[in-house]
Student: 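Pasting a structure below so you can have a look.
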There are 2 protein chains.
Amino acid sequence: MNTARKRNSARQESLGVILHHAEQIFAESGFRGATMQAIADASSLPKANLHYYFPTKLALYREVIQRIFTIWLEAADSFDTSASPREALSSYIRKKMEISRTHPCGSKVWANEVIQGAPIIQDYLQTTLRAWTDSRIEVINRWISDGKIDPVDPRHLLYMLWATTQHYADFQHQVVTLNGGKRLDDTQWEVATMNVTNIILKGIGA
Amino acid sequence: MNTARKRNSARQESLGVILHHAEQIFAESGFRGATMQAIADASSLPKANLHYYFPTKLALYREVIQRIFTIWLEAADSFDTSASPREALSSYIRKKMEISRTHPCGSKVWANEVIQGAPIIQDYLQTTLRAWTDSRIEVINRWISDGKIDPVDPRHLLYMLWATTQHYADFQHQVVTLNGGKRLDDTQWEVATMNVTNIILKGIGA
DNA sequence: AGCATAGCTGACCAACTAGTCAAGAAATTG
DNA sequence: CAATTTCTTGACTAGTTGGTCAGCTATGCT
């Protein structure tokens with residue numbers, strides 16, 4: 001049992017290493033631009049070994065996308081648990097900003113995919129994302145009818161939340177360049193988070 | 001002279017057709033994913049003809065990027081000409097939303113490029129964009145010291161403007177999917193523009 | 001130890017793609 | 001008309017890339 005677990009964990013280890021580097025390479029080069037050879041090199045594995053774990057490049061890509069989506073959905077819980085709009089949105093923005101900081105590559109892969117018309121993940125958009133969005137729209141509409149926030153269009157508020165937070169991941173390179181080539185430090189991330197939070201909360205009268 | 005002009009205009013015609021379709025294909029597939037053959041087919045020209053007008057794929061790509069960047073810079077004039085923050089920002093947001101609607105492919109190509117670390121246009125970022133950004137930051141800072149808007153970080157306000165407006169181009173597919181598969185109509189674009197404008201203006205106390 | 005299974009890898013191939021080129025068609029000029 | 005320049009195009013090449021496969025090694029089991 002101990003030895004069997006050893007082999008199994010070695011498998012998990014390999015899978016993890018491959019997926020981690022695949023995410024980076026796909027973010028850097030897009031689906032087509034990424035080569036299995038590049039992912040193999042980054043993972044310090046021979047290319048044929050990748051094909052042992054993932055039959056095709058597409059299968060590997062799908063797995064990468066799946067992981068990102070899961071992370072985002074988990075961050076979205078704040079919308080339910082918190083009571084007031086201020087709490088709910090502050091918490092959601094903060095979580096999404098943190099994800100932009102810690103998982104920029106995942107966000108980039110997702111952005112790339114959507115920009116290109118979501119050929120691979122269309123089903124996610126139509127099912128899971130759609131359901132999630134609809135349920136949050138209800139929450140926001142309740143805030144409005146309770147007079148807790150201004151009567152804004154919930155859909156566009158959501159887009160604004162996504163756009164502003166993911167910008168720091170997807171356009172990381174631009175942000176860094178305009179920051180004099182230096183990555184944002186702890187303080188700057190906090191400033192960014194507070195700016196986004198304050199402007200949006202005040203903007204909707206929360 | 002008349003004939004010479006005729007030939008010259010035929011040249012401009014060809015260049016225009018190629019650039020137009022190249023923009024679409026690059027947006028759909030990224031730099032690497034786009035093939036000269038695909039662009040040729042879309043333009044109804046043999047591939048060798050593309051290489052007559054553009055020596056390399058990279059040269060064609062650069063030209064596409066250049067055009068987008070020019071359009072964006074022109075939209076940015078509102079910042080100077082208008083006096084009050086309300087006017088300046090309303091006008092800028094409206095223009096950027098219009099560009100997102102009329103030139104979504106250009107925006108997507110730019111996004112793709114930046115996501116991948118701007119390997120081709122790094123010089124634009126460091127020179128033109130940087131200079132533009134710095135000058136607008138001054139304008140915003142003046143608004144703040146004049147007490148016309150709240151003391152926000154100008155940089156993050158700019159990022160918010162870019163992110164929210166370009167979202168409707170870059171994530172067009174997602175927006176359309178969440179809109180029941182239908183493209184936004186005139187009214188919906190107006191609603192989107194007003195929502196973005198109102199929330200941001202109120203958010204910064206303009 | 002001996003057998004079986006999971007994991008690893010170098011060498012290989014078929015398909016694709018950017019770019020070339022030579023030969024011609026069409027327009028322009030003197 | 002003839003000469004010249006611009007434009008067009010099918011056919012070709014060199015290089016790259018996803019994916020295969022036969023054989024290898026290491027691990028686990030009895």
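Note that this is a predicted model, so its numbers are computed, not measured. Chain letters run A, B, ... following the sequence lines, proteins first, then strands; residues in each count from 1.
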Student: Without decimals, in angstroms, what is the distance between B:Q37 CD and C:dA18 P?
Tutor: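 So the two atoms are 9 Å apart, to the nearest Å.
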
Student: Using whole Å, report how far CG of A:L58 lies from P of D:dT17.
Tutor: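 After rounding, the reported distance stands at 18 Å.
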
Student: Strictly under 4.0 angstrom, non-hydrogen atoms only: write out the protein contact profile of nucleotides 9-15 of chain D, one letter per nucleotide from the 5' end, B, S or -.
Tutor: BB-----

Student: First locate atom NZ of B:K57, then atom OG1 of B:T35, and finally report the distance between them rounded to the nearest 0.5 Å.
Tutor: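 The distance works out to 7.0 Å.
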
Student: Would you mind reading off the distance between B:L60 atom CG and C:dG19 atom P, rounded to a whole angstrom?
Tutor: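 Taking CG of B:L60 and P of C:dG19, I get 10 Å after rounding.
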
Student: Within residues 15-25 of chain B, which residues have any heavy atom lying less than 4.0 Å from an atom of DNA chain C?
Tutor: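 The answer is none.
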
Student: Just by distance, with hydrogens left out, do B:H173 and A:Q122 show a side-chain donor and acceptor under 3.5 Å apart?
Tutor: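 Yes, because at least one side-chain N or O of B:H173 sits under 3.5 Å from a partner of the opposite role on A:Q122.
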
Student: Between A:D77 and A:K95 (salt bridge meaning N to carboxylate O under 4.0 Å), is one present in this structure?
Tutor: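 No, this pair does not count.
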
Student: For C:dG7 and A:R11 - does any side-chain N or O of the residue sit under 4.0 Å from the phosphate oxygens OP1/OP2?
Tutor: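 Affirmative; the distance criterion is met.
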
Student: Between atom NE2 in A:H51 and atom P in D:dG19, what is the gap in whole Å?
Tutor: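 Result: 5 Å.
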
Student: Rounding to a whole Å, what distance do you find between A:E13:CD and D:dT27:C1'?
Tutor: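 Distance check: A:E13 CD to D:dT27 C1' gives 17 Å.
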
Student: Identify the two heavy atoms, one from A:Y92 and one from A:A76, that lie closest to each other, and give their separation to 0.1 Å.
Tutor: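 Closest approach of A:Y92 to A:A76: CE1-CA, 3.8 Å.
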
Student: How far does CG of B:D153 sit from CG of A:N195, to the nearest 0.5 angstrom?
Tutor: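 Interatomic distance, B:D153 CG to A:N195 CG, rounded to 0.5 Å: 5.0 Å.
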
Student: Below 4.0 angstrom from OP1 or OP2 of C:dT17, is there any side-chain N or O of A:R32?
Tutor: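 Checking A:R32 against C:dT17: at least one side-chain N or O falls below 4.0 Å of OP1 or OP2.
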
Student: Measure NZ/A:K57 against P/D:dG18 and give the value in whole Å, please.
Tutor: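 The distance from NZ of A:K57 to P of D:dG18 comes to 4 Å, rounded to the nearest Å.
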
Student: Strictly below 4.0 Å, N to O, side chains only: are A:R130 and A:D123 in salt-bridge contact?
Tutor: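 Not counted as a salt bridge, because no side-chain N and carboxylate O are separated by less than 4.0 Å.
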
Student: D:dT17 P sits how many Å from A:I39 CD1, rounded?
Tutor: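 Taking CD1 of A:I39 and P of D:dT17, I get 12 Å after rounding.
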
Student: Could you grab the distance from atom CH2 of B:W132 to atom CZ of B:F69, nearest 0.5 Å is fine?
Tutor: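 Rounded to the nearest 0.5 Å, the CH2-CZ separation comes out at 9.5 Å.
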
Student: Name the atoms and distances for all side-chain donor-acceptor pairs under 3.5 Å in residues 108-117 of chain A, with sequence neighbours left out.
Tutor:
from, atom 1, to, atom 2, distance (Å)
A:K108, NZ, A:Q172, OE1, 2.7
A:W110, NE1, B:Q174, OE1, 3.4
A:N112, OD1, A:Q116, NE2, 3.3
A:E113, OE1, A:Y61, OH, 2.7
A:E113, OE2, A:I120, N, 2.7
A:E113, OE2, A:I121, N, 3.2

Student: Separation of A:Y61 atom OH from D:dG18 atom P, in whole Å?
Tutor: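 The distance from OH of A:Y61 to P of D:dG18 comes to 14 Å, rounded to the nearest Å.
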
Student: Under 4.0 Å between any heavy atoms, over every strand shown, what does A:A34 touch: base, sugar-phosphate, or nothing? Just pick one.
Tutor: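 Answer is sugar-phosphate: A:A34 comes under 4.0 Å of backbone atoms only.
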
Student: To the nearest 0.5 Å, what is the distance between CD1 (B:I93) and OG1 (B:T165)?
Tutor: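 Rounded to the nearest 0.5 Å, the CD1-OG1 separation comes out at 8.0 Å.
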
Student: Looking at the side chain of B:T35, which of D:dG19, C:dT17, D:dT17 is the nearest nucleotide?
Tutor: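 Nearest listed nucleotide: C:dT17.
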
